[in-house]
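Every number for a ligand or one of its atoms is a count from 1 in the order of the listing. By convention here, the first residue in the shown sequence is residue 1.
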Amino acid sequence: MKLALAPMATLSHEALRLLIHRYGDPDEYFSEMIHAPSYVAGGKYEPYYVRTAPAPERMVWQITGPEEGPIAKAAVMLAPLGGLGLDLNMGCSAPDIARHGAGIAWMLKDPGETASMVALVRKELDSAGFSRSPSGGPFRLGVKLRLGAEENPEGLLSFCRVLIDAGVTQITLHPRTKSEKYGRPARWRFVAELARELPVPVYGNGDIASARDALETERAWGESGIAALMIGRGAVTRPWVFWEIGRLKAAAEGNVRSTLPPPPIDHLEVSRFFLSALAESQPAEFQLSRARRFFFYYCDNFTFAHHIKMKIQNAQTPEAIGGLLDSYFGEVPEDRLLYF
Ligand SMILES: Cc1cc2nc3c(=O)[nH]c(=O)nc-3n(C[C@H](O)[C@H](O)[C@H](O)COP(=O)(O)O)c2cc1C
């Protein structure tokens with residue numbers, strides 16, 4: 001199965017990708033969601049959402065919006081940036097997104113309206129010359145879904161068929177309903193069912209927190225034909241997870257060339273690298289909130305995670321966050337190195 005970084009607003013940006021890249025890229029990097037109306041209007045911060053380092057050819061640009069016109073326009077503007085293609089956000093259930101008709105609202109509207117949006121995007125891409133990808137197949141137009149308002153396997157399947165008829169060529173499923181938070185586990189059997197039934201690649205996403213989880217998921221569901229595992233929060237806590245998956249697989253197949261263990265991860269060095277990548281790739285106005293969001297997950301690697309997270313959430317500058325981490329590792333030096 002292929003591997004993909006999930007689209008995560010405020011997290012799946014260039015600085016995180018640069019950090020992940022040091023260990024090993026996934027096959028695909030989904031961008032954080034790009035708000036179609038703002039992108040089309042040329043908003044001040046939009047250029048920061050479409051930075052492509054470190055692997056432009058692996059980018060998938062995710063679009064969100066409540067209306068078909070701006071979504072189609074944004075698609076035509078994003079397609080020339082290259083990468084693997086586009087993804088339409090139909091899974092985000094954050095109230096301020098869904099309430100305005102975007103994200104999961106597209107799964108709850110009349111299916112004809114959603115099909116019309118997809119068909120318009122497809123038509124505009126075709127007219128702009130993006131009917132085929134550089135590799136020759138149809139230009140990738142994916143959607144990222146949840147289960148919907150409730151569990152309804154037949155309804156989900158027929159909704160996916162409507163999307164495919166309208167021009168969708170890849171589907172990602174995060175198998176939770178609209179109102180479910182992370183407390184209830186993702187139900188991968190729904191991903192497996194879509195993979196078995198649908199003629200397009202189906203990616204699964206949800207609750208893969210480690211390389212071991214990824215291997216177990218692959219073992220449990222591999223036969224259904226799931227095309228890729230998408231990892232979100234797990235890749236923020238463990239930016240090396242994609243590399244680690246490859247390493248565990250190689251070991252399982254007896255292909256590890258060297259018996260030497262890999263060097264340890266130095267959490268202080270990782271933190272400094274991330275903060276400096278953030279400073280270089282994001283506008284000043286975004287840096288504090290994005291640093292706080294990253295460390296909310298990354299600090300789960302530390303013994304006193306709760307304590308340092310609280311301090312970081314109250315820090316007033318990215319430099320202050322750096323200082324807090326320096327002090328933390330001064331006080332808890334045994335937390336600094338992670339050995340494999
Ligand atoms: C902070 C945050 C922001 C997210 N933003 C998006 C987004 O922009 N688009 C999207 O489709 N999903 C978004 N998601 C959902 C993730 O892509 C993913 O479906 C979810 O976290 C489950 O995967 P995981 O268990 O691997 O994290 C977001 C999740 C988080 C935690």
Side-chain angles (χ1 to χ4, degrees), residues 1 3-13 15-17 20 26 28-36 38-39 46 48-50 59-66 71 74 78 86-98 100 102-107 142-148 168 170-188 190-191 202-214 216-218 226 228-239 241-242 244-245 286 289-300 309 313:
M1 283 183 206
L3 297 171
L5 175 70
M8 290 176 288
T10 70
L11 285 168
S12 300
H13 46 63
L16 178 66
R17 292 194 300 271
I20 291 172
E28 305 188 359
Y29 280 115
F30 281 61
S31 72
E32 58 184 314
M33 60 183 165
I34 298 166
H35 183 239
S38 313
Y39 194 68
E46 299 309 306
Y48 293 100
Y49 288 94
V50 293
M59 290 303 303
V60 178
W61 303 106
Q62 192 190 59
I63 306 175
T64 186
I71 293 179
L78 289 164
L86 304 176
D87 182 72
L88 303 174
N89 181 335
M90 296 193 189
C92 181
S93 60
D96 50 334
I97 300 282
H100 292 110
I104 198 165
W106 287 105
M107 293 190 76
V143 287
K144 182 160 173 285
L145 308 175
R146 279 189 176 228
L147 293 175
V168 159
Q170 180 271 331
I171 290 178
T172 304
L173 180 65
H174 171 207
R176 286 191 168 92
T177 62
K178 174 178 185 240
S179 56
E180 280 170 356
K181 309 265 183 290
Y182 291 115
R184 185 171 176 195
R187 271 96 76 209
W188 279 75
F190 291 103
V191 181
V202 171
Y203 295 11
N205 163 240
D207 294 348
I208 297 179
S210 68
R212 275 185 202 289
D213 286 352
E216 268 164 36
T217 307
E218 201 167 304
I226 295 171
L229 301 180
M230 174 184 275
I231 306 182
R233 294 163 298 156
V236 186
T237 310
R238 304 175 70 82
V241 70
F242 300 109
E244 209 182 354
I245 292 169
F286 286 11
S289 58
R290 285 168 181 239
R292 282 182 182 159
R293 188 60 72 101
F294 170 81
F295 286 109
F296 177 79
Y297 293 98
Y298 193 75
C299 288
D300 281 339
K309 275 187 198 185
Q313 295 315 307

Go through the steps to decide whether Gln62 and Thr64 satisfy the test side-chain hydrogen bond (donor to acceptor under 3.5 Å, both in side chains), and finish with yes or no. CA-CA 7 Å; Gln62 192 190 59; Thr64 186; over 6 Å; no
Which of the numbered atoms in ligand 1 are below 4.0 angstrom from a heavy atom of Leu11? 1 (C)
Return the closest protein heavy atom for atom 3 (C) of ligand 1 as residue, atom name and distance. Ala9 N, 3.3 Å
Taking only heavy atoms of Arg293, which atoms of ligand 1 are found under 4.0 Å from at least one of them? 1 (C)
Just go through Pro7, Gly206, Ser93, Ala4 and tell me whose heavy atom is the nearest to atom 7 (C) of ligand 1. Pro7
Among all protein heavy atoms, pick out the one at the shortest distance from atom 18 (C) of ligand 1; state its residue, atom name and that distance to 0.1 Å. Asn205 OD1, 3.1 Å
Given side chains that start at C-beta, do those of Met8 and Val236 come closer than 4.5 Å, heavy atoms only? yes
Test your reading of the structure: does Arg233 have an N or O sitting under 3.5 Å from an N or O of ligand 1? yes
If I apply the N/O under 3.5 Å rule, does Gly232 come out as touching ligand 1? yes
Test of proximity, Lys144 against ligand 1: N or O pairs below 3.5 Å: yes
Please check this pair: side chain of Trp188 against backbone of Gly206, looking for a donor-acceptor N/O pair closer than 3.5 Å. yes
Before signing off on this row, confirm whether Thr10 and ligand 1 have an N or O atom pair separated by under 3.5 Å. no
Of Leu78, Asp87, Asn89, the one forming a side-chain contact (heavy atoms from CB on, under 4.5 Å) with Ile63 is Leu78
Closest contact, heavy atoms only, Asn205 versus Ala6: ND2-CB, 4.3 Å
Protein contact to atom 2 (C) of ligand 1 [nearest heavy atom, distance to 0.1 Å]: Met8 CB, 4.0 Å
Please indicate whether any nitrogen or oxygen in Ile208 is less than 3.5 Å from any nitrogen or oxygen in ligand 1. no
Could an N or O of ligand 1 be found under 3.5 Å from any N or O of Ala6, whether backbone or side chain? no
Ligand-side contact atoms (ligand 1) for residue partner His174, heavy atom cut-off under 4.0 Å: 19 (O), 20 (C), 22 (C)
Please identify which atoms of ligand 1 are closer than 4.0 Å to at least one heavy atom of Tyr297. 31 (C)
Heavy-atom nearest neighbour in the protein, as seen from atom 30 (C) of ligand 1, with distance rounded to 0.1 Å: Tyr182 OH, 3.9 Å
Got an N/O contact under 3.5 Å between Glu32 and ligand 1? no
Pi-cation contact, Tyr182 with Arg176 (under 6.0 Å, within 45°): no
So, for Arg17 and Ser12, which heavy atoms are closest and what is the spacing to 0.1 Å? NH1-O, 3.6 Å
Measure from the side-chain N and O atoms of Glu28 to the backbone N and O of Met59, and report whether any donor-acceptor pair falls under 3.5 Å. no
Salt-bridge criterion met for Arg233 and Asp207 (N-O under 4.0 Å): yes
Which residue owns the protein heavy atom closest to atom 8 (O) of ligand 1, what's the atom, and how far is it? Met33 CG, 3.2 Å
Please examine the side chains of Lys144 and Leu88, heavy atoms only from C-beta on, and report whether any two atoms are closer than 4.5 Å. no
Starting from atom 9 (N) of ligand 1, which protein heavy atom do you reach first, and at what distance in Å? Gln62 OE1, 2.8 Å
Cys92 to Ile97 - nearest heavy-atom pair and separation: SG-CG1, 3.9 Å
N/O to N/O below 3.5 Å, does that happen between Arg176 and ligand 1? no
Could you tell me, atom by atom, which parts of ligand 1 come under 4.0 Å of a heavy atom of Asn89? 9 (N), 10 (C), 11 (O)
Working for side chain to side chain contact (heavy atoms under 4.5 Å, CB included), residues Asp213 and Ile208: CA-CA 5 Å; Asp213 286 352; Ile208 297 179; 3.9 Å; yes
